[in-house]
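Order of the sequence lines fixes the chain letters, A, B, ..., with proteins taken first and strands second; residue numbering starts at 1 for each chain. In this text, all values refer to a predicted model and were calculated from it rather than measured experimentally.
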Protein chains: 2
Amino acid sequence: MSSVLAAAAAASPVLATMPPRQRAEALVAAADALLAAADELVPLAMEETGLAEPRLRGEIKRTAVQLKLFADVAAAGEFLGVRLDAADPDFVLGPRPDLRRYLVPLGPVLNFAAGNFPFAFSVAGGDTASALAAGCPVVVKAHPGHPRLSDRTAQIVSAALPPGALGVIHGQEEGVAALRDERIAAASFTGSLAGGRALAEIAAARPHPIPFYGELGSLNPVVVTPDALAERASAIAQGFAASVSGSAGQLCTKPGLLFVPVEFAAAEAFEGVAPHPLLHPGIVDGYTRRRAEILETPGVTVAVEGAVTDDGVTPTLVETDLATLLKHRDTLLQEAFGPLSAVVRYTPGESLGAALTELVEGSLTAGVHIGAGEDSPWLRELVAALQALSGRVLFNGWPTGVAVTPAMQHGGPFPAATNPTTTSVGTAAITRFLRPVVYQDCPQSLLPEPLRDDNPWNVPQHRSPAGESSTWGSLAA
Amino acid sequence: MSSVLAAAAAASPVLATMPPRQRAEALVAAADALLAAADELVPLAMEETGLAEPRLRGEIKRTAVQLKLFADVAAAGEFLGVRLDAADPDFVLGPRPDLRRYLVPLGPVLNFAAGNFPFAFSVAGGDTASALAAGCPVVVKAHPGHPRLSDRTAQIVSAALPPGALGVIHGQEEGVAALRDERIAAASFTGSLAGGRALAEIAAARPHPIPFYGELGSLNPVVVTPDALAERASAIAQGFAASVSGSAGQLCTKPGLLFVPVEFAAAEAFEGVAPHPLLHPGIVDGYTRRRAEILETPGVTVAVEGAVTDDGVTPTLVETDLATLLKHRDTLLQEAFGPLSAVVRYTPGESLGAALTELVEGSLTAGVHIGAGEDSPWLRELVAALQALSGRVLFNGWPTGVAVTPAMQHGGPFPAATNPTTTSVGTAAITRFLRPVVYQDCPQSLLPEPLRDDNPWNVPQHRSPAGESSTWGSLAA
């Protein structure tokens, strides 16, 4: 571990002072190296994770596109957040200095990789791409579910990057030691509530606490309105079954609760789903235990029993109602990581928004299926509640499948994320690894490139001229 | 306390859904109410804090300007961070939904007010202004140093705001209870390292942890180069003395360390500084203890002895060298809150940047006085070190006096701030109290106003049209 951290620390000033376009070129080269190795890496991922080939081929492509998307973000330079305030001798509060602000990389980032996306949330995944684009070296604590894939991916990808920019360590002990190491300046995590919370507390208890960005899972409630159900019950059942079953439900956006206004025959849609292996024995144990707890809860009935066998799992669907959720919230309102979901009956007309606010903790997503042109005070109250509890509010769709775009938000109130003000997917994720620094009255020759008037890196500079520095007055009485 | 929190919780949806221009008008009204009450509030502040009238008149004006500046920020709407990604059926990774992202207020903010700025960092100060502008109600935990001023300020200012938008509570116990209350969604703090750290840990240990923004103080090192000293030793000594002595050194940006290359006769500049009362008995005790510790440290000599008397304090100046700082870092490299500073001798040509990196923890500011046109590898290494350890790097000036502008950064690596990615002064402070939410495939009629195509609030909307959603390809090989 020590050599990986030392290499990251040495790479830190190199990456930080590299012009953004050069950083972008390195990210593109890394993406191309990853794609070129797909025929080697995908079989290795299949072997270690049990995930299917088409899913993994799609995921490696997504991972490469994500690296290139962050290359674009780096090259565009807007992420530097350059603000230039001209000196203003006539400022209302007295003469104002020349102030030039930009965002600088925090330093080496420790990324605790996830098990369920061996490419997209692992060694060369989103957290790594956004940290590298920000100019931070990355130390990945490999997920134990795919150690060989992690090492091989790092070898391939890091060859395209400056020395020390990307390294891998293994094991919980090493991960915790690295999190406590003063050379690490920030950490990211995708995984369980218990694990993420424990790591967040370690980060906060350091002599010098560091930013910690954990994505800890989510229930992802989806509501079906009476109108939607009247219009397209069968399509909704099909979509629901596909979203719950895909990748054996091992997705942080799996819909864990489906709220329906009347009896809803979804069971049929789950028929014929083939057994799918779970990622590793730890997931099998956790899922088996959670599934048993839920099935044994009074007030819960089984719609689709499913199974956990040596061949893999088939989905389990249960049915219950709001009163039972409230009564057994400790059992029913925690994530079950795997292909299990609950259909929950609500009474049309009663305030479902208030019930969700009371019942459901912070969630990555919250969705609603509505009828064509549907609108009502009841629905508006519901949508407001969905916004209050989540980071993504979706309509007539399913939460699994997260687009990597400028507007995407993947995060939400705790426990969806340890920090609700950021995202772990989409280009805005880069902000997690930057901090602002302002230069006051600095001679041009000593300014960092992005702050200079001659703008050698040609990055966007947002200027507040002296004449406009008192615009506050425009609103003054 | 309970009624204040209940009122804040009730105000939360009101403020959140208020159009930004209406929110701005309320902030302007609050600023005007504050200014109109200056003749009542300034004498009350003088009585409770011992600060001088001109300083307090300036501060109340600054506080009002700050409220209006945040009114402008609210009205401009850019803070909403609206990003609209058009649906893209041809996206390289498969069809992409319509995604519309903006920033929403976190909810009620608890603001632990500072003692040293009874207006600008207190009830109606920067944290309050930025939280209100973001759409968050504010509960201020009043500083015990000015309880009556706090209550009266809240009465005057809150009359201009929606009911419940601003309330005050008193006492450490109430403050901690509020910090643990589930109705509080974020907290800000300006004060001591020990106090801020303890509160940060309480915020992190809640069943639902919340963002905590603490500004915990700082050493604010300033370096004088040989060239600068040769050019203008006397002016530097005068500026240094004024910056250390102003407001009796009770400023988080007071320069606590001045690095000089040769003997530097600063003592004369401190002569004739009149005694100034400290803010409250707690500060007197802390300052007296810290001053004694420093004066008793081997290797430290007294240049200006100063005094702590019933009439107030006069500044104390000590001299030492780098080796002594390193040997006694626990004593000498912690903030002494009050009019005390240390002149530290360094050897010209030796790496001062490396020494500062080794010695000085995260600081709000770091400065250097240079000669006209001065430039050298030594200086560039020093500037890089100043950036690495601080949030504001200043040239040929003094850190006290913080302009409130778009580019200002007031924060830095721990312990300057608990979160280095944000600022507590300047318009960027608003981001602390917002979180992103994205709407996916939402019908126009159900979208929040800032996300609608007809843009009824007329806020800036940043669009990624479908055609441009694959710009990553532009860098692809």
* In Å, rounded to the nearest 0.5 Å, how long is the span from CD of E361(B) to NE2 of H208(A)? ->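 Here the interatomic distance stands at 3.5 Å.
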Working to the nearest 0.5 angstrom, can you tell me the gap between Q440(B) CD and T365(A) OG1?
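Reported to 0.5 Å precision, the distance equals 9.0 Å.
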Where on [X] is there a heavy atom nearer than 4.5 Å to chain B: the side chain, the backbone, both, or neither?
{"X": "N396(A)", "value": "neither"}
{"X": "L386(A)", "value": "neither"}
{"X": "R432(A)", "value": "backbone"}
{"X": "S390(A)", "value": "backbone"}
{"X": "A428(A)", "value": "both"}
{"X": "L434(A)", "value": "backbone"}
{"X": "P436(A)", "value": "both"}
{"X": "E374(A)", "value": "backbone"}
{"X": "P13(A)", "value": "neither"}
{"X": "R392(A)", "value": "both"}
{"X": "V104(A)", "value": "side chain"}
{"X": "L67(A)", "value": "neither"}

Show the nearest heavy-atom pair for residues [X] and [Y], with the distance to one decimal.
{"X": "R380(B)", "Y": "S445(A)", "value": "NH2-O, 2.7 Å"}
{"X": "F395(B)", "Y": "D441(A)", "value": "CB-O, 3.2 Å"}
{"X": "R96(A)", "Y": "A403(B)", "value": "CG-CB, 3.7 Å"}

Which residues share a ring pair (Phe, Tyr, Trp, His ring centres under 6.0 Å) with Y213(B), sequence neighbours left out
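For Y213(B), the residues satisfying ring pair (Phe, Tyr, Trp, His ring centres under 6.0 Å) (neighbours in sequence not counted) are F433(B).
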Check your understanding: Given a strict heavy-atom distance threshold of 4.5 Å, which part of L379(B) is in contact with chain A: side chain, backbone, both, or neither?
Key ->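 The side chain, not the backbone.
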Can you tell me which portion of I370(B) sits under 4.5 Å from chain A's heavy atoms? Options are side chain, backbone, both or neither.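 Side chain only.
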Quiz prompt | Heavy-atom contacts under 4.5 Å, residues 415-422 of chain A to chain B | solution =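 So the qualifying residues are P420(A), T421(A), T422(A).
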Consider side-chain contact (heavy atoms from CB on, under 4.5 Å). Of R435(B), R83(B), R101(B), which one does Q409(A) pass it with?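 Running side-chain contact (heavy atoms from CB on, under 4.5 Å) over R435(B), R83(B), R101(B) with Q409(A) returns exactly one hit, R101(B).
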| field | Counterpart residues, side chain to side chain contact (heavy atoms under 4.5 Å, CB included), relative to S12(A) (two or more places apart) | value |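 Per chain and number, S12(A) pairs via side chain to side chain contact (heavy atoms under 4.5 Å, CB included) with P108(A), P137(A).
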(Q) Could you check whether any side-chain N or O of D85(B) sits under 3.5 Å from a backbone N or O of A407(A), counting only pairs where one atom can act as donor and the other as acceptor? (A)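 Yes, D85(B) side chain to A407(A) backbone: donor-acceptor pair under 3.5 Å.
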Set of residues satisfying side-chain hydrogen bond (donor to acceptor under 3.5 Å, both in side chains) with respect to Q387(A), sequence neighbours excluded: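 Listed in chain order: Y102(B), Y439(B).
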